[in-house]
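This report refers to the structure that appears directly beneath it.
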Amino acid sequence: MTQHSRDTPQFYLTAPSPCPYLPGRHERKVFTHLVGERAGDLNDLLTHGGFRRSQSIAYRPACDQCRACVSVRVIANEFRPSRNFRKVMARNADIIGEQRSAVPTSEQYSVFRAYLDARHRHGGMADMTVLDYAMMVEDSHVETRIIEYRKRGPDSGITGRGEELIAVALTDVLSDGLSMVYSFFEPSQVSRSMGTFMILDHIARARRQGLPYVYLGYWIEGSKKMDYKARFLPQQRLAPSGWLRIDAQGDAASEPQD
């Protein structure tokens, strides 16, 4: 095998399957493996081109006659929280986010299991065991971090650590941003809007690290499951002509951005 063949990724196309977002449609994906010394660079390149990572696989929708899935990234430095977002941040002022190495724990899995049972009981991840969860976290050949969100305790001001685990985010660190791979939270804490809070926290983290973007995955117009992503503005959405800037909900996209 030549050096060229080892370093050049091979792409594959899945068979059609029912679309989980748009009823009556079918989805296909193109995917490749993220392995080896250049996995991080490849993940960066593919993410810029609209791919997402799942374990050691990078994938992108490749559906026949449908382009509904649109990659979205928030412009971190220009983001200004709305009144509702400020309320979410105030509601979670007692939460501490702790960044850790991507190492799974039984405590994380307990929250993950409760989250799936409450919100995705019939989804494709519903049957994931503790070993499956460990693979989801550990099977990464790129720079990946776990961020645990915990309630403040009486000693948190001294130790900097929280107590009860409320939510978890699995996040990739890219050359130009943070990519939120998967996040979940304790369903009994639904009033906290933890999904929104974790995105707000990632935007703040990206700004502190000097990273311009937070990648949120795919937004699908007309899908209630994806509507929330359009609220984080300004943002860029990937079109055939490149990344297009959106400044307000309902805006037409502006010219491609570098």
Side-chain angles (χ1 to χ4, degrees), residues 13-31 46-54 57-85 87-88 115 119-120 122-125 169 171-172 174 176-185 190 193-203 206 212-258:
L13 188 64
T14 65
S17 61
C19 177
Y21 302 109
L22 299 176
R25 301 194 189 185
H26 286 77
E27 67 170 359
R28 301 188 78 179
K29 295 186 178 79
V30 60
F31 69 94
L46 292 177
T47 300
H48 297 161
F51 280 71
R52 293 285 287 165
R53 185 183 71 81
S54 176
I57 296 291
Y59 68 90
R60 187 182 71 180
C63 307
D64 297 332
Q65 300 179 336
C66 180
R67 297 294 180 267
C69 294
V70 178
S71 292
V72 171
R73 63 187 186 187
V74 183
I75 305 174
N77 278 339
E78 298 184 38
F79 175 80
R80 299 294 181 269
S82 65
R83 181 182 178 185
N84 285 336
F85 285 154
K87 288 181 178 179
V88 171
Y115 174 79
R119 299 177 70 93
H120 300 287
H122 303 295
M125 302 172 72
T171 302
D172 287 347
L174 307 175
D176 68 345
L178 301 177
S179 177
M180 299 185 69
V181 176
Y182 196 78
S183 59
F184 53 92
F185 54 86
V190 65
S193 302
M194 282 305 300
T196 295
F197 178 72
M198 284 189 279
I199 295 175
L200 294 172
D201 179 67
H202 276 68
I203 294 171
Y213 304 115
V214 174
Y215 289 82
L216 300 183
Y218 300 116
W219 168 76
I220 301 173
E221 187 172 12
S223 170
K224 292 183 179 180
K225 294 180 182 179
M226 298 293 188
D227 279 350
Y228 71 94
K229 297 182 182 182
R231 297 187 293 125
F232 296 88
L233 300 165
Q235 63 180 227
Q236 293 177 359
R237 298 175 186 170
L238 186 58
S241 58
W243 288 95
L244 305 179
R245 181 185 175 103
I246 303 292
D247 285 297
Q249 286 185 261
D251 273 4
S254 61
E255 70 276 1
Q257 308 288 308
D258 293 333

- prompt: Would you say the side chain of Pro20 lies within less than 4.5 Å of the side chain of Glu27, judging by non-hydrogen atoms?
  reply: yes

message: Tell me whether Glu78 is salt-bridged to Arg245, with the criterion being a basic N under 4.0 Å from an acidic carboxylate O.
response: yes

- request: Give a yes or no answer on whether the side chain of Trp243 reaches the backbone of His48 with a donor-acceptor pair at less than 3.5 Å.
  value: yes

query: What's the shortest heavy-atom distance between Asp247 and Pro234, and which atoms?
result: OD1-CB, 3.6 Å

task: Could you grab the distance from atom OH of Tyr215 to atom CD of Gln235, nearest 0.5 Å is fine?
output: 13.0 Å

task: Check whether any side-chain heavy atom of Val214 sits under 4.5 Å from a side-chain heavy atom of Phe79, and report yes or no.
output: no

message: Donor-acceptor check, side chain of Arg60 to backbone of Gly49, threshold 3.5 angstrom: yes or no?
response: yes

Crowding at CZ, Arg28 (>12 non-hydrogen neighbours, <6.0 Å): yes

message: Is the ring pair Phe184/Tyr115 parallel, tilted or perpendicular, if the boundaries are 30 and 60 degrees?
response: tilted

message: Do His202 and Val74 have side chains that approach each other closer than 4.5 Å (heavy atoms only, starting at C-beta)?
response: no

statement: CH2 of Trp219 to NZ of Lys229, rounded to nearest 0.5 Å, is 11.0 Å

query: Which value, rounded to the nearest 0.5 Å, describes the distance between Met198 atom CE and Ile203 atom CD1?
result: 13.0 Å

- prompt: What is the distance from atom CZ of Phe185 to atom OG1 of Thr196, rounded to the nearest 0.5 Å?
  reply: 9.0 Å

field: Heavy-atom pair with the smallest gap, counting every atom of Cys69 and Ile220
entry: SG-CD1, 3.6 Å

- request: Find out whether Val72 and Met226 are in side-chain contact, i.e. whether some heavy atom of one side chain is under 4.5 Å from a heavy atom of the other.
  value: no

- prompt: Would you call Arg25 and Cys63 a side-chain contact if the rule is heavy atoms closer than 4.5 Å?
  reply: no

- line: So OG of Ser179 and CZ of Arg53: to nearest 0.5 Å the spacing works out to 8.0 Å

field: Check: Thr14 side chain, Lys29 main-chain N or O, donor-acceptor pair, under 3.5 Å
entry: yes

- line: Minimal heavy-atom distance between Leu22 and Ala68, with the atoms involved, is CD1-CB, 3.8 Å

query: Taking all non-hydrogen atoms of both residues, which atom of Ile246 and which atom of Ala248 are closest, and how far apart?
result: CG2-O, 3.4 Å

- request: Give, for atom OH of Tyr21 and atom OH of Tyr218, the distance between the pair rounded to the nearest 0.5 Å.
  value: 10.0 Å

